[in-house]
Each structure stands twice: as structure tokens, then as C-alpha cells.
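The sequence lines fix the lettering, A, B, ..., with proteins before strands; numbering per chain opens at 1. Any value given below was found using the heavy atoms of this structure, including those in side chains, with hydrogens, waters and symmetry copies removed.
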Amino acid sequence: MDAMVHVEGVGKRFGQVQAVRDLSFSVRRGEVVGFIGPNGAGKTTTIRLISAVLRPDAGSIKVNGFDVRTDGDQVRASIGVLTEGAGLYPNLSGLDNLRFFAELYGVDDPRRPEALLGAMGLAAHAHRRAGTYSTGMKKRLGLARALIHRPPVLLLDESTAGLDPEGITMVLKEVRRLSREEGVTVVLCSHILHQLEMVCDTYVIVDAGRSLAQGTLAELVRDYVRQRVVELETDLSLERAHEIAARFHARLVAPSGASRSKLSFTVDRPDDVPEIIAAASSAGRVYSAVRVGEDLQSVYFRVMEARASEA
Amino acid sequence: MRRKGIDRRAVAAIARKDIRAITSNVQVWLPMAIVPTIFCLVLPVILGIAIRTGGIDDGSDIGPMLALIERMPHSSLKQALDSLEDLNQRMVYLMFNHLFAPLFLIVPIMAASTVATDSFVGEKERGTFESLLLAPIDLMSMFMGKVMAAFIPAVTLSLASFVVYGIAANIAGWSVIGRPFFPHVNWLPLMALVMPAVALLAVAITVLISARTSSFQAAYQMSALLVIPLVMLMIGQVTGVMLLDTASFTLIGIIIAIVDWILIRLIVSRLDRSRMFESQVK
Ligand SMILES: Nc1ncnc2c1ncn2[C@@H]1O[C@H](COP(=O)(O)OP(=O)(O)OP(=O)(O)O)[C@@H](O)[C@H]1O
Ligand SMILES: [Mg+2]
């Protein structure tokens with residue numbers, strides 16, 4: 001077992017609210033997991049359970065081989081967390097914030113705080129009070145704080161909310177680099193699904209504290225997207241298009257008029273998609289072929305629909 | 001489950017961080033500085049002026065004071081007073097050395113509770129408590145760092161105030177007594193024992209208060225109640241109901257230290273990360 005984070009049958013209740021129930025998932029070393037679900041689904045609570053600041057009512061959690069119940073300090077030493085509010089001292093400068101956390105985490109390299117500040121593009125603001133930072137700068141400083149002790153596991157809660165496009169790219173690149181080059185295991189919570197798609201290997205979709213679906217995007221598509229849609233930009237005549245559609249029992253949607261247009265074919269069998277593309281290109285010119293409804297966002301809505309129809 | 005014990009590096013880091021936060025925040029150091037300034041400078045200066053303009057020797061307020069001295073049991077203070085020639089000298093000596101002694105304890109109380117409030121409630125208000133609890137530091141070390149952060153500045157400020165007050169008192173009373181007369185030996189147990197014990201008590205009580213409030217306003221208001229026992233002590237001193245000699249100050253110091261120990265044991269036994277996180281992190 002190479003699981004860096006192992007969650008099994010975990011439950012957590014706050015008074016009347018069952019924030020997490022019977023949740024299980026496992027994250028391999030170096031894997032990047034997208035943890036997604038609607039507001040109040042229990043994502044932040046799960047992150048707090050994993051980082052051993054909340055005790056689970058039921059189930060077990062292991063991080064880097066340590067049990068959250070018995071080895072809390074080792075678990076916390078193995079984890080870097082970027083919390084929703086970045087959790088920085090407003091009256092201390094950016095650099096002093098990092099120096100403080102370096103001491104807390106027992107970091108011995110005295111250059112680490114400055115180096116990280118530079119890596120996060122904050123070198124010019126090192127001596128400004130963190131309270132005067134912009135939202136995005138705070139997030140970057142928070143990320144630097146989370147990374148200060150080179151943790152093997154990184155938990156990011158809404159880490160790109162409030163960031164500008166450059167900040168988002170920077171964070172996502174850094175996440176990818178950490179996972180690929182340093183083998184860091186990452187759990188990412190976000191509501192911006194297309195961003196997750198750029199970095200995540202697998203996903204865990206939760207709602208009301210329960211896991212609804214888990215797997216790679218391909219696996220989720222296989223399990224939740226019944227009909228496949230391919231959109232072709234082509235110069236095919238409508239007649240030929242209808243012919244092809246009929247051959248594969250596909251539903252065809254075509255705008256009337258334009259000679260070079262977007263045709264959308266909907267089929268039940270995934271294997272028919274390449275066949276349709278092949279047939280279209282032998283009958284005419286295909287400028288582009290895009291599969292529609294197989295992105296994370298569409299899959300997410302499918303999973304939510306499936307849950308709603310079960311209930 | 002007790003393992004490695006106290007993490008000295010973390011204790012020092014937390015204490016240093018909080019102490020730096022005080023010096024960089026006017027809202028914290030200003031109230032801390034005002035009380036000692038009034039006590040150590042304004043009070044002696046006013047009294048000094050009163051003495052010079054002769055407001056003290058023929059006033060009608062002397063009656064109760066006199067009675068106070070008359071009723072005094074045999075003690076080093078009484079001896080010191082008896083050795084002084086006239087009533088005026090006794091009055092000045094009594095006021096600076098004796099009557100204001102309990103009032104002086106406002107300095108450590110104010111300082112300790114102000115810093116402790118900022119240190120404990122501040123973590124909650126500024127949303128940094130979560131980051132602190134996420135660190136691989138046992139709660140005992142964290143708590144010790146926080147207590148140090150309030151205790152060290154409070155004791156330092158009190159000692160500095162004591163020196164300034166002493167100088168100011170001697171100058172103010174010089175025209176009447178004609179030699180240095182402060183401090184009386186009572187100040188030894190007061191400064192060495194009662195003052196630190198009271199500072200620690202203020203920290204402990206502030207910790208208990210901050211656990212139940214999440215806004216500075218409420219915490220400060222409740223901490224202000226800490227001054228009530230002092231006022232009572234002061235009234236006791238002035239009316240002569242409670243005349244404190246060196247032994248009483250020592251005893252009071254020991255009693256407060258024991259109360260400190262009990263309160264801190266109580267707080268430490270209740271430290272629980274998960275429960276604290278649930279109730280304190282927004
Ligand atoms: N300390 C707490 N005390 C009481 N209830 C809590 C506490 N923390 C979380 N909850 C409740 O637990 C549920 C899950 O909350 P959680 O913050 O984990 O959701 P989330 O998935 O992170 O939501 P969001 O997307 O809005 O960040 C919510 O109903 C919330 O009100
Ligand atoms: Mg959340």
C-alpha cells in the first residue's frame with residue numbers, strides 16, 4: 001500500500017449536523033486529488049479531520065503512515081494546509097509571518113522563509129505588514145506558509161479563490177511541479193472545476209458529507225455519462241450528415257444554412273464516436289472534432305443528477 | 001499521552017511573536033502605558049505639588065489617617081512612622097509607602113490582562129488560531145508560550161514602573177522628609193511575590209474569559225473586573241480595616257501563587273485540540 005492519505009469509514013457530527021458520514025478514500029503518493037462538492041458538503045471538515053485538528057467520531061484516518069488519533073503531531077508535521085482564510089498575522093510582515101511558522105515547524109534552514117517568499121513572487125513585499133496585502137497576495141503567503149516545512153502532503157482549501165489569472169496559473173503550476181518533481185501528495189478543494197481539471201489525477205465528489213463518486217475523469221465519464229456527444233466543424237452537406245447519423249443511430253443537431261457548420265452527433269456507444277469522425281472525414285473536410293459533456297463540470301452535474309434521482 | 005515534553009523552540013517563538021505584536025499595535029501598548037504613567041508620574045507630581053503648597057498639613061482629612069496610625073499594631077511600618085518627627089512627614093511616608101501599595105498592583109493586572117486578551121482573543125478574531133492549531137506543537141507548549149508572552153512584559157513593566165515610582169516618590173516627598181524614604185521593606189514581598197503572582201493570576205483569568213468570548217470588547221470589559229479586589233484592598237488599607245504588614249504581603253503572595261497553580265492546572269487539564277477547534281475556530 002502506497003497510500004499517503006487513507007480515509008476509511010469516517011464520520012463527524014457537529015451537534016445536529018452530520019458534516020461527514022461514512023467517508024472513505026485513498027490518495028497515493030504524488031497523486032493530485034480534486035475534492036469537490038456543493039457548499040456545506042463537508043470538504044473543509046474533511047481537510048480538518050485529515051490534518052488532525054478535529055477528531056473523527058467514527059472510522060480511521062492515516063497520513064504518511066501515522067494515525068490521526070494517536071500521532072497527531074506527526075500527522076500535522078507531514079501536512080501543509082492552506083486554509084480558506086489564509087490564517088496569517090496581520091500585524092507581522094510577510095517575512096516575519098514565515099519566520100514564525102518556520103520556528104513552529106522546526107525548520108532549520110534560515111534562508112527558507114526568504115526563498116519561499118521569492119518563489120511566491122512576494123519578495124518586494126517581504127517587509128510589509130501582511131494585513132495590508134491584497135487577497136491574492138495573502139493566498140500566496142498562505143501557500144508559502146503551508147510549504148514552509150516541505151510537507152509530503154499538501155491540503156489546499158479554495159486555494160485559488162480571489163487570485164488573479166497569473167496567481168491561479170502560478171498556484172496550479174506549483175501544485176503540478178510539487179507532485180511531479182517532489183512526489184508531494186495533494187488534495188485540492190475548489191468550486192472552479194475547469195481549474196481542477198488542469199492538475200488533478202483523480203476526483204472525489206461529495207455531498208452532504210457522503211462520497212458520491214470517485215475516480216479519474218475517464219472513469220467518471222464512463223460511469224456517469226451515458227450518451228456521447230461529438231461536435232464536428234465540417235463542410236459536410238446536411239444530407240451526408242443525416243446519412244452518417246442514420247448509420248450510427250445517432251441524433252443529429254445541425255444549424256440550418258451555413259455551408260461550413262457545427263454538427264453535433266449524439267450516440268449511445270462510446271466506440272461510435274471515432275467511427276463518426278472517420279466517416280465524416282472520408283465524406284468531406286473536418287476542421288475540428290470536440291467531445292462535449294465530458295469535462296469535469298458536466299460530469300459533476302451528471303453525478304449530482306444521478307443522486308437527485310436516487311433520492 | 002505525554003511524550004517529548006515542552007517544545008522550547010515553539011514556546012520561545014510564540015512568546016516572541018506575541019510580544020512583537022504588542023509593540024506594533026497601539027491599541028495594546030497605549031492602555032498598557034497609560035496606567036503606569038498615571039501611577040508613577042502623575043500621582044507623585046500632584047501630591048508633590050499639594051505638599052509644596054502646604055495643602056496637607058492643616059487639612060481636615062487628617063483625622064482618619066491619624067487614627068489609622070494610632071491603631072497600627074507593632075510593625076516595621078509603625079516603627080518607621082514613629083521615628084518621624086511631625087505629622088506631615090508621617091502622612092507623606094504613609095501615603096507613598098503604604099496606601100498606594102495595593103493600587104500599584106493595577107500595573108501588572110492591566111498589563112497582563114491586556115496582553116493576554118490580545119494574545120488569546122486575537123488569535124480567534126484574526127483567524128489565525130487555525131494555523132496555530134495546525135502546527136505540530138503540543139498544546140502545553142503553545143499555552144506556555146502564550147502565558148510567557150503576557151507574563152514577561154507585565155512583570156518587566158511593573159518593575160520599571162516601580163523604579164520610576166520610587167524616584168518620583170522620593171523627589172515629591174523630599175521637601176517634607178528631607179531624605180530618601182522609599183521603599184519601605186513591605187515592597188520587597190509585594191514586588192518579589194505578590195506582583196508576579198497577581199500578573200499570573202490576571203493571565204489565567206483572562207485565558208478563562210477569552211475561552212468564552214470571541215470579541216475584544218467583551219473580553220476587555222470582563223477583564224476590567226479584575227481591578228475590583230484591588231479597590232477593596234485599597235479601601236481596607238485606607239480605613240484601617242486591613243492593615244498589611246510584611247508578613248501579610250508575603251502570605252497574600254503565597255495564597256495568590258497557590259490559586260495561580262490551581263487555575264493553571266485546571267486550564268491545562270482541559271486543553272483538547274479537537275474540542276478547542278470546534279468551539280473556537282470560526
Ligand atoms: N465548527 C463547526 N461547528 C458546527 N458546525 C460546523 C462546524 N464546521 C462545519 N460545520 C457544519 O458542517 C457542514 C460542513 O461544513 P464544511 O465547512 O465542511 O463544508 P464545505 O464543503 O467546506 O463547504 P464550502 O464549499 O462552503 O466551503 C456544514 O453544515 C457546516 O455548517
Ligand atoms: Mg469549505
Side-chain angles (χ1 to χ4, degrees), chain A residues 12-15 19 44-45 47-57 66 68-93 96-97 99-108 129-131 138 141-142 145-146 148-149 151 155 157, chain B residues 1-29 115 118-119 122-142 144-146 149 216 271-282:
Chain A
K12 178 70 190 175
R13 165 186 285 277
F14 299 107
T44 299
T45 303
I47 282 191
R48 289 169 171 176
L49 289 165
I50 295 172
S51 43
V53 287
L54 284 180
R55 211 186 348 261
D57 303 332
F66 298 110
V68 293
R69 280 179 218 267
T70 53
D71 307 305
D73 282 337
Q74 281 96 326
V75 168
R76 283 184 291 274
S78 307
I79 293 183
V81 188
L82 174 55
T83 50
E84 281 183 88
L88 301 157
Y89 292 94
N91 293 331
L92 297 184
S93 72
D96 284 340
N97 264 286
R99 284 188 178 146
F100 170 62
F101 285 104
E103 288 289 312
L104 275 196
Y105 280 88
V107 175
D108 288 317
R129 282 158 31 114
K138 282 179 189 156
L141 188 58
R145 192 210 74 210
I148 193 93
H149 55 301
L155 309 178
D157 201 349
Chain B
M1 188 191 63
R2 188 143 298 185
R3 278 170 294 100
K4 55 187 179 178
I6 297 301
D7 182 340
R8 280 158 196 265
R9 191 174 172 184
V11 173
I14 291 170
R16 229 179 307 126
K17 185 265 295 170
D18 277 356
I19 289 173
R20 185 177 307 184
I22 304 162
T23 52
S24 67
N25 190 347
V26 190
Q27 285 177 331
V28 181
W29 65 254
V115 182
D118 187 71
S119 160
E123 297 279 354
K124 286 193 272 180
E125 278 251 303
R126 298 176 190 126
T128 49
F129 200 35
E130 183 171 13
S131 323
L132 204 56
L133 289 176
L134 279 167
I137 306 297
D138 61 291
L139 291 177
M140 185 63 197
S141 304
M142 243 179 242
M144 280 200 33
K146 292 257 156 204
F216 286 121
L271 291 178
D272 179 287
R273 198 178 297 253
S274 182
R275 240 186 294 147
M276 245 157 59
F277 199 97
E278 251 179 70
S279 60
Q280 310 286 326
V281 175
K282 284 180 242 175

Quiz prompt | Step-by-step side-chain contact (heavy atoms from CB on, under 4.5 Å) determination, Thr23(B) to Val28(B) | solution = CA-CA 8 Å; Thr23(B) 52; Val28(B) 181; over 6 Å; no
Self-check item: Contact winner vs chain B - Leu54(A), Leu88(A), Val75(A), Val81(A), heavy-atom pairs under 4.5 Å
Solution: Leu54(A)
Self-check item: Contact origin within Leu104(A) toward chain B - heavy atom pairs under 4.5 Å
Solution: both
Quiz item: Can you say whether Ala102(A) sits under 4.5 Å from chain B via the side chain, the backbone, both, or neither, judging by heavy atoms?
Solution: backbone
Practice problem: Specify the closest pair of heavy atoms between Val115(B) and Ala149(B), including all atoms of both residues, with the distance to one decimal. | Solution: CG1-O, 3.4 Å
Exercise. Please name the pair of heavy atoms, one in Tyr105(A) and one in Ile79(A), separated by the smallest distance, quoted to 0.1 Å.
Key: CE2-O, 4.4 Å
Quiz item: Counting only N and O atoms by type, is there a donor-acceptor contact under 3.5 Å from the side chain of Lys146(B) to the main-chain atoms of Ser119(B)?
Solution: yes
Quiz item: Out of Asp96(A), Asn97(A), Leu92(A), Val53(A), which one racks up the most heavy-atom pairs below 4.5 Å with chain B?
Solution: Val53(A)
Practice problem: Side chain from CB out, backbone as N, CA, C, O: work out which of these in Arg99(A) comes under 4.5 Å of a heavy atom of chain B, or both, or neither. | Solution: neither
Quiz item: Which class fits the ring pair Tyr89(A) and Phe100(A): parallel under 30°, tilted 30 to 60°, perpendicular over 60°?
Solution: perpendicular
Quiz prompt | Among His149(A), Arg55(A), Arg76(A), Glu103(A), residue most engaged with chain B (heavy-atom pairs, under 4.5 Å) | solution = Arg76(A)
